[in-house]
Structure formats: structure tokens, C-alpha cells
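This report refers to the structure that appears directly beneath it.
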Amino acid sequence: MTREQLLNKLEKAWAELHESYAGLPDSRMTEPGVVEDWSVKDVLAHVTTWEEEALKYLPLIVEGRTPPRYSVQYGGIDAFNALRTEQKRSLTLPEVLAQMEDTHRRLVEYVRGVSEEHFARETPFRHRLRFDTYRHYAGHARAIAEWRDKPERRATQDR
């Protein structure tokens, strides 16, 4: 896989994430229940958190270093997610959306500058990038779409 192929995959999944919540009014974006008690806003803040983590740790991986384990630092990924979700819960929807777009832009810029050798074969860099971005977006896009498609949601959808 080349860097451009990976970026195309990333951008396709990014567009599908955007499509999953397109047209929802703000009141629906903050309604809990998408993933347990998370709203769409919370899911998007969560996606941003993992892009921030990618920006923090991909440079270490490029240097040949190993990022710290979440189990050691936070007691596991679930604990990390809960902590970051709580930290971002007070952000407004416009703040979450702006942070999301800015972080994604910075991540794409960073990936564009990484040496092609990190894309040519399965590497720790590609592994981390896949899990923090396009694979992650896809799972959350599905969750949002399924939440929107529930019969009780369709009756009040996009009011």
C-alpha cells in the first residue's frame, strides 16, 4: 500500500463517518444512546481523542520507539476512553466539531510528511494508524447509522 492509497482509504472512511450524522439537528447530536450513554457529539469527541493519540504516538513509532501501554498508564483502554469522554463532555457541539476537523487536518498533514517506507508493508506505524483512524471511524459510523435507523428514532428523525 502506498501513502496515497492509505490516505484515500482514510478519507473515504472519514466521509462515511460524516455521512452517518449528516442532517441531524443539534438537539439529536447531543441525545444519549448512540453507544451506551454516548451521544453523537460524544462519539465524535472520542474519534478526535484517538486521532490526537495517533498524532502523539505515531512520531514515536517512526523513531522506532514503543508507545506506553494504556493498561499501565490508565488501567486499560476502557478506562482511558471513560476519562477522555468525561474530560470532553463539557465541550459544546461547535467546539467538538471544530476540534474534530482541526485534529483530522493535522493528522492528514502529518501522514503526508511521513516517509513512504512506513506504508509499503505492514508496520507498527500502519497498524497504529489503521486502528486509530479508518477502522475506528467505520465502527462508529456504523453505530451512529444503526442508532439513526432504529424504528423509534425514524419517527422523530431530523426534526
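FYI, side chains are in, hydrogens and waters are out, and symmetry mates aren't considered; it's all heavy atoms of this structure.
Here the closest heavy-atom approach between residue S20 and residue A145 is recorded as CB-N, 4.4 Å. Pairing each heavy atom of L17 with each of A141, the nearest pair is CA-CB, 3.8 Å. Of all heavy-atom pairs spanning F119 and T2, the tightest one is CB-C, 3.9 Å.
Between Y110 and F125, the two ring planes are tilted [angle within 30° to 60°]. In this pair, W50 and F80 present their aromatic rings perpendicular. The plane angle is above 60°, beyond the 30 to 60° band.
To the nearest 0.5 angstrom, E51 atom CD is 10.0 Å from D102 atom CG. The CD atom of E101 sits 10.0 Å away from atom CZ of R105, with the distance rounded to the nearest 0.5 Å. Within the model, atoms OG1 of T48 and CG of L107 stand 10.5 Å from one another, a figure rounded to the nearest 0.5 Å. The structure places OH of Y21 at 15.0 Å from CZ of R28, a figure rounded to the nearest 0.5 Å.
Applying the salt bridge (Lys or Arg N to Asp or Glu O under 4.0 Å) test to pairs two or more places apart or on separate chains, those with a residue in residues 32-49 are D37-R89, D42-R89.
Taking 4.5 Å as the limit, every side-chain heavy atom of M1 sits out of range of all side-chain heavy atoms of R121. You'll find the side chain of M29 reaches within 4.5 Å of the side chain of L44, heavy atoms only. Counting heavy atoms from C-beta on, the side chains of W38 and V43 come closer than 4.5 Å. Looking at L6 and R126, their side chains come closer than 4.5 Å, going by heavy atoms from C-beta outward.
E19 is linked by a side-chain contact (heavy atoms from CB on, under 4.5 Å) to A22, counting only residues two or more places apart in sequence or in another chain. With sequence neighbours excluded, the residues forming a ring pair (Phe, Tyr, Trp, His ring centres under 6.0 Å) with W14 are H18, H104, Y137, listed by chain and number. Listed by chain and residue number, nothing satisfies the side chain to side chain donor-acceptor pair (under 3.5 Å) test with N8 (two or more places apart in sequence, or in another chain). The salt bridge (charged side-chain N to carboxylate O under 4.0 Å, His left out) test applied to E117 returns no partner, not counting sequence neighbours. D26 pairs by the salt bridge (charged side-chain N to carboxylate O under 4.0 Å, His left out) definition with nothing, not counting sequence neighbours. Checked against ring pair (Phe, Tyr, Trp, His ring centres under 6.0 Å), F131 has the following partners two or more places apart in sequence or in another chain: H127. Looking at residues two or more places apart in sequence or on another chain, you find a side chain to side chain donor-acceptor pair (under 3.5 Å) between R112 and E4. When the side chain to side chain donor-acceptor pair (under 3.5 Å) test is applied to T92, the partners found at least two apart in sequence or on another chain are E95. Considering only residues two or more places apart in sequence or on other chains, Y134 meets the ring pair (Phe, Tyr, Trp, His ring centres under 6.0 Å) condition with none of them. S90 pairs by the side chain to side chain donor-acceptor pair (under 3.5 Å) definition with nothing, not counting sequence neighbours.
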Let me check something: any side-chain donor-acceptor pairs from residues 57-73 under 3.5 Å, sequence neighbours excluded? List them with distances.
| unit_1 | atom_1 | unit_2 | atom_2 | d |
| --- | --- | --- | --- | --- |
| E63 | OE1 | R65 | NH1 | 2.7 |
| Y70 | OH | E53 | OE1 | 2.5 |
| Y70 | OH | R128 | NH2 | 2.8 |

Subject >> Step-by-step side-chain contact (heavy atoms from CB on, under 4.5 Å) determination, V111 to L129 >> reply: CA-CA 9 Å; V111 170; L129 187 62; 4.0 Å; yes

Subject >> From CA spacing to verdict: side-chain contact (heavy atoms from CB on, under 4.5 Å), R130, L10 >> reply: CA-CA 8 Å; R130 178 175 54 252; L10 190 146; over 6 Å; no

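Each of R106, R84, K88 was evaluated against E52; a single residue qualifies, K88, per the salt bridge (charged side-chain N to carboxylate O under 4.0 Å, His left out) test.
Within the 3.5 Å criterion, the main-chain N or O of H118 finds a donor-acceptor partner in the side chain of T123.
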